[in-house]
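Below: one structure, written as structure tokens.
The chains referred to below are lettered A, B, ... by the order of the sequence lines, with proteins before strands, and numbering in each begins at 1.
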Amino acid sequence: MSIQHPLSPIQTGAAVRLVDIRRAWGSAVALGGVSFTVAAGTFCVLLGPSGCGKTTCLRIVAGLDQATGGRVEIGGRDVTALPPAERGVAMVFQSYALFPHLSVAENIVFGLKARSVPAAERGRRLERAVEILGISALLQRRPGQLSGGQQQRVALGRAIVAEAPVCLMDEPLSNLDAQLRADMRREILALQRRLGITMLYVTHDQTEAMGMADQVILLRGGRIEQDAAPADLYATPATRFAASFVGTPPMNLFSLPGETAVVGVRPEDMRLGDAGLPASVIHAEYLGADTILSCDLAGQTCLARLPGRVRLEAGTPVLLDFDRNTLHRFDADTGTRLS
Amino acid sequence: MSTRALEIVATWVLAILWVSPLVYAVWTAFHPSAYATHFSLLAPWTLANFAHAWEAAPFARYFLNTTLLVGVVLVAQFALCTPAAFAFARMTFRGRDTVFALVLLQLMVAPDVLLVANYRTMARLGVVDTIFSIALPYLGSAFGIFLLRQTFRQVPQELDDAARLEGSSLLGRLWRVYVPLARPTYLAYGLVAVSYHWNNFLWPLVITNSVTTRPLTVGLSVFASTDQGIDWSIITAATLMTSGPLLLAFLLFQRQFVASFMRAGIR
Ligand SMILES: Nc1ncnc2c1ncn2[C@@H]1O[C@H](COP(=O)(O)OP(=O)(O)O)[C@@H](O)[C@H]1O
Ligand SMILES: [Mg+2]
């Protein structure tokens with residue numbers, strides 16, 4: 001049931017560009033001026049905590065929701081005023097949005113029928129999607145007779161047969177269990193690579209974003225906090241929020257005596273040394289490959305990710321050390337990065 | 001314990017009360033008239049009462065009239081309530097809630113109150129004593145609109161969005177997504193509508209006065225009051241005959257109907 005190794009792309013993606021997109025419901029602002037560009041054929045993740053406007057943003061790109069201001073371009077064409085069906089986008093919804101009264105096969109070709117694609121062509125596309133997703137045994141079933149993972153595949157199938165240059169996904173894995181989630185993550189990525197489509201993928205899970213994206217757009221309160229490749233987002237978070245949102249566990253942020261800025265150190269950059277900041281152990285969580293040590297650093301909790309197994313009783317005094325060049329500094333008031 | 005026993009007794013009493021006229025009708029209809037008030041296990045069975053009743057009045061024509069009436073009402077109600085319910089459920093327009101409140105208000109008006117007014121309207125339209133005139137006051141149904149609106153509102157927005165994105169027009173979505181998903185409601189509502197209009201009496205009595213338009217209920221009452229004196233055997237045979245199809249349908253599809261009612265949220 002796994003997707004074959006990436007072949008040369010069969011379709012080509014289209015670039016997506018948002019220019020100063022705004023959306024408000026009455027006085028409640030969901031998006032306060034969002035601009036970004038996703039290059040054709042790349043995998044872009046919209047990341048952010050719940051309620052930050054990810055879904056709203058995606059729905060505006062799809063045309064399911066109308067922006068109160070700004071412009072959407074797909075493949076260089078201004079689509080702001082176009083209805084969803086004419087924008088060249090396919091979408092996988094969070095609930096999968098499968099039609100319960102139709103069989104799997106009918107669900108997959110629903111859109112092709114609505115667009116009056118000839119039956120022979122429908123059959124060809126269905127066959128291809130079924131082969132890619134390995135769901136030939138399910139075609140005659142109803143969505144209600146499928147497991148979550150199978151429903152997910154059918155939803156992907158519907159997006160594949162559309163052969164649209166842009167695919168939108170809204171938290172497609174949030175209803176799956178952890179193991180299946182990891183598998184589907186790889187499959188979706190392989191699918192995007194194989195089809196060569198542009199992917200705009202919404203999630204609140206930063207590990208998903210880090211693992212899949214070519215480009216991560218971190219949203220917070222309807223604004224873009226940072227727009228960068230995963231490695232850059234991790235290495236040089238642009239704001240305090242970006243620093244605290246990315247990484248498992250996230251970056252330690254604390255104040256040091258004699259420093260006006262907030263300083264940040266990734267838990268994996270922390271080590272126990274003979275010199276350093278004096279702290280006391282609160283708890284040691286052994287994870288197999290490493291141990292997460294939480295320490296009390298002058299009233300602030302600080303995490304250290306240490307290799308192997310570290311056995312330390314609560315209350316043990318330790319010295320937390322790190323290299324100066326792993327230190328991140330953020331403005332205490334605005335939260336922006338100080339370089 | 002005692003409340004449980006009470007419940008069982010009450011259930012039986014109600015069931016017996018409900019079924020006894022039917023039992024009496026069956027008894028009388030299938031036996032010679034001599035046994036109408038005289039119960040004996042040895043009484044001979046007969047179908048003669050049915051044959052008499054069938055010949056004594058144009059029941060075949062009445063059946064046709066009722067079937068036409070119920071068919072017209074049902075088709076028109078589905079066709080009119082569906083778009084109205086969809087508009088109230090999923091479209092935004094100025095005054096929607098006010099208009100919907102007016103529709104609900106109509107639920108509180110008992111149809112019999114409008115008997116005279118409706119008759120005048122029909123007279124003005126010049127359609128008195130037609131099957132169409134029996135149906136006309138019922139073609140739009142506030143209850144149907146309300147019920148379908150509630151059902152349509154429960155259709156997940158994402159299904160609508162998915163269909164829209166896939167290129168379905170407004171009517172396409174209504175026809176391929178909303179209507180199929182509301183099937184239990186259509187079935188349940190259809191059942192209520194059919195049984196109501198099959199049994200409706202007062203309005204058809206007022207608006208019709210000829211064999212070619214009278215539905216079964218009116219035909220039966222005309223037959224029972226004038227033609228037969230009080231031959232209970234023939235009257236009960238006719239009654240069973242006219243209510244038979246509906247009763248049979250209920251018994252056959254009981255399970256589906258109950259399931260539909262549950263899913264449609266009518267209890
Ligand atoms: N239809 C709506 N009406 C009013 N407010 C809405 C509506 N949809 C979303 N919002 C608001 O917009 C903000 C962003 O929502 P959403 O885009 O769904 O966030 P996310 O997907 O990131 O969790 C939230 O504060 C939400 O309450
Ligand atoms: Mg969301």
message: What part of A/Leu98 gets within 4.5 angstrom of chain B, counting heavy atoms only: side chain, backbone, both, or neither?
response: backbone

Quick one: donor-acceptor pairs between chain B and chain A, under 3.5 Å, side chains and backbone, table format.
from: B/Glu158; atom 1: OE1; to: A/Ser95; atom 2: N; distance (Å): 3.1
from: B/Glu158; atom 1: OE1; to: A/Ser95; atom 2: OG; distance (Å): 2.2
from: B/Asp161; atom 1: OD2; to: A/Arg59; atom 2: NH1; distance (Å): 2.6
from: B/Asp161; atom 1: OD2; to: A/Arg59; atom 2: NH2; distance (Å): 3.4
from: B/Arg164; atom 1: NH2; to: A/Leu64; atom 2: O; distance (Å): 3.3
from: B/Leu165; atom 1: O; to: A/Arg115; atom 2: NH2; distance (Å): 3.0
from: B/Glu166; atom 1: O; to: A/Arg115; atom 2: NE; distance (Å): 3.3
from: B/Arg176; atom 1: O; to: A/His101; atom 2: NE2; distance (Å): 2.8

query: For B/Phe132, does the CZ atom sit with more than 12 other heavy atoms under 6.0 Å from it, leaving out its own atoms?
result: no

message: Testing the basics here: between B/Leu159 and A/Phe99, what is the closest heavy-atom pair and its distance to 0.1 Å?
response: O-CE2, 3.6 Å

Toward chain B, the part of A/Val89 with a non-hydrogen atom under 4.5 Å: both

- prompt: Which value, rounded to the nearest 0.5 Å, describes the distance between B/Leu165 atom CG and A/Leu168 atom CG?
  reply: 7.5 Å

- request: For A/Ala97 and B/Ala162, work out which heavy atoms get closest and say how close.
  value: CB-CB, 3.9 Å

